[in-house]
Amino acid sequence: MKIVVCDRLEAKATRKLQEKYDQVVLLESPDRQTIIEHSADADAIIVRSHTVIDRTIIENSPRLRVLGRAGSGSYNIDVEAASKRGIVVLHTPFISSTSTAELAIALLIGAARKLKEATADMAGGKWDRGALNGLELSGQTVGIIGYGNIGRKVAAITKAIGMEVLAYDPYVRYQQTESPVADLVSLDELLTRSTAVIVCCPRTPETAGMFNAALFARMRAGSLLVNVGHGQVVVEKDLIAALDSGHLFGAGLDVFEEEPTRRETAVVQHPRVYTTPHIGAATMKAQEGVCTDIVDKVIGFLDNGYISGSINLPVVDENTEVNIQGYIELAGKLASMVSQLDPATTRLCLQVNGKLAYSDTGALENRVAREFLLARRQEASDINARFLLDDQGISISLGKADQGSAFVNEVEVATDNYSLKGTLLADKFPRIVEVNEYKIEAVPQGTMLFFRNYDRPGVIGSLGRLLGEKNINVANMRLGFRGDDEAIAMVNIDTAVDAATLQEITRLDNIIDCFQLEFT
Ligand SMILES: NC(=O)c1ccc[n+]([C@@H]2O[C@H](COP(=O)([O-])OP(=O)(O)OC[C@H]3O[C@@H](n4cnc5c(N)ncnc54)[C@H](O)[C@@H]3O)[C@@H](O)[C@H]2O)c1
Ligand SMILES: O=C(O)CC[C@@H](O)C(=O)O
């Protein structure tokens with residue numbers, strides 16, 4: 001197997017590839033001819049944002065099966081050409097969105113408060129505070145162009161600053177009903193109401209050159225523009241004209257029409273344009289994240305055919321060694337249970353262990369988000385659940401490990417108060433195997449009583465008697481222990497108990513607490 005890496009990856013990610021494959025060719029900023037030579041017999045090519053993989057390269061790589069893009073956008077890959085050849089294009093959405101959103105805020109505040117001028121004044125021995133009056137952002141309106149991963153993070157931060165948040169995104173079809181962060185509005189409304197506009201969308205045929213003289217004229221006088229999406233969304237000469245005429249107050253750019261951008265470029269030289277060299281994703285966490293994530297995805301695909309985070313094939317591959325669909329459903333059941341036990345949590349952690357770690361964990365994350373919300377009786381689908389969670393300030397983090405602690409494949413869903421682990425018995429039958437370190441083997445289906453008790457004789461007997469009196473049949477009962485004075489039980493019952501009976505159970509001797517759970 002031959003892997004060609006065209007841009008420099010973090011050492012940890014490169015090592016992972018080298019441990020796995022005999023032929024790992026590491027190129028750094030190669031010219032096109034060098035890529036063509038090396039990719040002629042390559043099975044996989046991995047790039048970041050620098051190297052362009054065009055149609056010619058793709059058509060001259062007969063063995064190529066997968067293109068990995070360490071990052072979010074796909075502007076440097078001819079995705080259409082790859083799709084036509086049946087080559088999977090994988091990327092790492094989400095991972096660098098926080099770092100990029102934070103940079104957008106840095107550029108926004110820098111431009112609003114004239115930080116470049118202030119720093120230059122200080123370095124030059126000047127102390128003229130009157131010339132440095134800036135814009136206070138709190139109470140102002142921000143307009144976000146592109147309400148995707150980065151746009152939503154920007155929305156959350158600007159909201160926290162005290163700004164009113166608007167967004168324009170023709171492809172976001174729903175208006176959030178649960179704790180909305182941004183109001184989705186038309187482009188015209190956004191431009192006329194916003195004091196700051198932040199571009200967080202990719203370059204597409206529609207967005208290329210979108211911010212031109214005509215659009216700047218529609219922006220409010222004295223407003224700010226920040227671009228962390230794609231450089232070619234903004235026409236730089238028109239931006240300079242809008243600044244020089246005094247129509248715009250300032251701008252912050254992390255992305256440019258041409259990259260690398262030359263020092264002489266007007267936007268780089270302009271006193272009221274804050275520029276950074278495409279460093280949205282340049283934090284240690286994001287760099288390591290995008291590099292290891294893309295390597296995991298490429299390995300997962302080459303070894304097992306897992307497709308996850310695909311730009312051109314967003315499907316769950318069911319013909320793999322691990323029953324991914326089964327694990328997606330299991331993860332959903334764990335999320336539903338955690339939601340019923342801890343509905344007010346603001347933090348969900350999904351941990352995926354074993355070969356499953358190379359599978360479509362995006363689909364597992366979506367399902368966890370969806371089932372968590374559904375259990376709280378909130379409308380959600382696999383597609384919008386993660387956005388809805390985000391809008392409600394509930395984070396969902398993902399951890400992965402090559403091996404499970406007790407089972408070949410394991411899924412864990414945790415909050416600050418609960419940790420639930422599950423597996424598929426015989427890769428087929430869902431089981432909850434651990435609850436807050438109590439080992440158990442419970443079947444997550446139908447109606448279930450879940451209780452903690454002191455481990456004393458008679459507890460099960462008194463529960464059985466009470467349920468018998470109420471004519472409630474027990475279908476299955478599992479006990480869990482962790483080697484201390486307490487135990488748990490998970491009891492599948494044929495009919496749900498009413499609130500009064502649940503109270504009676506809680507009052508039985510040695511019962512600590514009791515919940516009734518529903519699994520769909
Ligand atoms: N500055 C950096 O270092 C850096 C880092 C990461 C990503 N990016 C870039 O930021 C962009 C967005 O990344 P993301 O991860 O948020 O992607 P995303 O796909 O999650 O979000 C992009 C959003 O833009 C919207 N959009 C598409 N066309 C639009 C239009 N005509 N008008 C308004 N919105 C439109 C999409 O519907 C989508 O919701 C990409 O171009 C990516 O390459 C830059
Ligand atoms: O390689 C980088 O750091 C920039 C990547 C960024 O533009 C992206 O689309 O993810």
Side-chain angles (χ1 to χ4, degrees), residues 5-10 13 29 46-52 68-77 79 89-107 143-156 166-174 176 182 184-188 190-191 197-211 215 226-234 252-256 259-261 274-291 293-294 309-311 314 362 383-384 386-387 390:
V5 180
C6 293
D7 297 319
R8 196 162 61 79
L9 296 182
E10 291 295 300
S29 303
I46 299 179
V47 296
R48 291 180 60 171
S49 57
H50 185 67
T51 300
V52 174
R69 159 79 161 95
S72 147
S74 56
Y75 48 83
N76 52 330
I77 295 176
V79 178
V89 185
L90 304 173
H91 69 150
T92 61
F94 309 117
I95 292 181
S96 55
S97 37
T98 299
S99 64
T100 307
E102 287 177 1
L103 184 78
I105 303 304
L107 290 169
I144 297 165
I145 308 291
Y147 202 45
N149 295 316
I150 297 172
R152 283 159 203 265
K153 301 272 182 201
V154 167
L166 307 178
Y168 167 68
D169 191 324
Y171 301 101
V172 172
R173 297 250 175 258
Y174 67 97
Q176 294 86 340
L184 288 170
V185 295
S186 68
L187 181 60
D188 210 47
L190 181 145
L191 295 173
V197 173
I198 305 185
V199 178
C200 302
C201 66
R203 180 197 64 195
T204 66
E206 267 175 293
T207 64
M210 178 179 175
F211 278 74
L215 191 140
V226 170
N227 186 8
V228 292
H230 194 284
Q232 290 167 7
V233 175
V234 173
L253 305 177
D254 183 48
V255 286
F256 303 88
E259 294 185 12
T261 312
Y274 287 67
T275 53
T276 46
H278 203 148
I279 56 167
T283 63
M284 281 176 284
K285 186 175 172 191
Q287 287 304 301
E288 191 175 308
V290 295
C291 294
D293 194 51
I294 200 62
S310 168
I311 289 170
I383 299 163
N384 67 11
R386 292 194 59 190
F387 299 131
D390 215 28

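Heads up: numbering here begins at 1 and tracks the sequence. All ligand and atom numbering here is 1-based and tracks the order in the structure.
- No N or O atom of H230 sits closer than 3.5 Å to an N or O atom of ligand 1.
- Less than 4.0 angstrom separates some heavy atom of S96 from each of these atoms of ligand 1: 6 (C).
- Residue contacts with ligand 1 do not include P93, since none of its heavy atoms lies under 4.0 Å from the ligand.
- In this structure, the protein non-hydrogen atom closest to atom 5 (C) of ligand 1 is T100 OG1, 3.1 Å.
- D7 places a side-chain N or O within 3.5 Å of a backbone atom of T51 that can act as its donor or acceptor partner.
- Contacts between S97 and ligand 1 below 4.0 angstrom, taking non-hydrogen atoms only, are absent altogether.
- Close contacts of ligand 1 with Y75, meaning ligand atoms under 4.0 Å from a residue heavy atom, involve 43 (O).
- Here the heavy atom of the protein found nearest to atom 12 (C) of ligand 1 is C200 O, 3.3 Å.
- When non-hydrogen atoms are compared, ligand 1 lies under 4.0 Å from the backbone of I150 as well as from its side chain.
- Backbone and side-chain nitrogen or oxygen atoms of V255 are examined, and none is located within less than 3.5 angstrom of a nitrogen or oxygen of ligand 1.
- In terms of modelled atom types and a separation under 3.5 Å, the side chain of S74 and the main chain of I77 share no donor-acceptor contact.
- Side-chain contact between T275 and F256: present, with at least one pair of heavy atoms (C-beta onward) separated by less than 4.5 Å.
- Listed by atom number, the atoms of ligand 1 under 4.0 Å from A281 heavy atoms are 3 (O).
- When each atom of ligand 1 is checked for a heavy atom of H278 under 4.0 Å away, the hits are 1 (N), 2 (C), 3 (O).
- Closest protein heavy atom to atom 21 (O) of ligand 1: G148 CA, 3.2 Å.
- At distances below 3.5 Å, not a single donor-acceptor pair connects side-chain atoms of S310 with backbone N or O atoms of L90.
- Nearest protein heavy-atom neighbour of atom 41 (O) of ligand 1: P202 CA, 3.1 Å.
- Between the side chain of S96 and the main chain of S99, no donor-acceptor pair closer than 3.5 Å is present.
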Please tabulate, line by line, the atom pairs linking an N/O of ligand 2 to a protein N/O at a distance below 3.5 Å, with the distance in Å to 0.1, or answer 'none'.
| residue | atom | partner | partner atom | Å |
| --- | --- | --- | --- | --- |
| ligand 2 | 1 (O) | S49 | OG | 2.9 |
| ligand 2 | 7 (O) | Y75 | OH | 2.7 |
| ligand 2 | 7 (O) | H278 | NE2 | 2.7 |
| ligand 2 | 9 (O) | R69 | NH2 | 2.9 |
| ligand 2 | 9 (O) | G73 | N | 2.9 |
| ligand 2 | 10 (O) | S72 | N | 2.6 |

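- Shown are T276, T100, N227; of these, the side-chain hydrogen bond (donor to acceptor under 3.5 Å, both in side chains) with D254 is made only by T276.
- Close approach of ligand 1 to D254 is summarised as follows: ligand atoms under 4.0 Å from at least one heavy atom of the residue are 1 (N), 2 (C), 3 (O).
- No N or O atom of R69 sits closer than 3.5 Å to an N or O atom of ligand 1.
- Annotation for ligand 1: atoms under 4.0 Å from non-hydrogen atoms of N149 are 15 (O), 16 (O), 18 (P), 20 (O), 21 (O).
- Within ligand 1, counting atoms from 1 as listed, the ones closer than 4.0 Å to a heavy atom of P170 are 30 (C), 32 (N), 33 (C), 34 (N).
- Closest to atom 9 (C) of ligand 1 among all protein heavy atoms lies G229 O, 3.3 Å.
- Contact annotation: for F94 versus ligand 1, there are no heavy atoms closer than 4.0 Å.
- Residue V228 places at least one N or O, backbone or side chain, under 3.5 Å from an N or O of ligand 1.
- Remark: minimum distance from atom 26 (N) of ligand 1 to any protein heavy atom is reached at D169 OD1, 3.9 Å.
- For atom 28 (N) of ligand 1, the closest non-hydrogen atom on the protein side is Y171 CE1, 3.4 Å.
- Residue T207 has at least one heavy-atom neighbour below 4.0 Å for each of these atoms of ligand 1: 29 (C), 30 (C), 31 (N).
- Nearest non-hydrogen protein atom to atom 14 (P) of ligand 1 is S72 OG, 3.7 Å.
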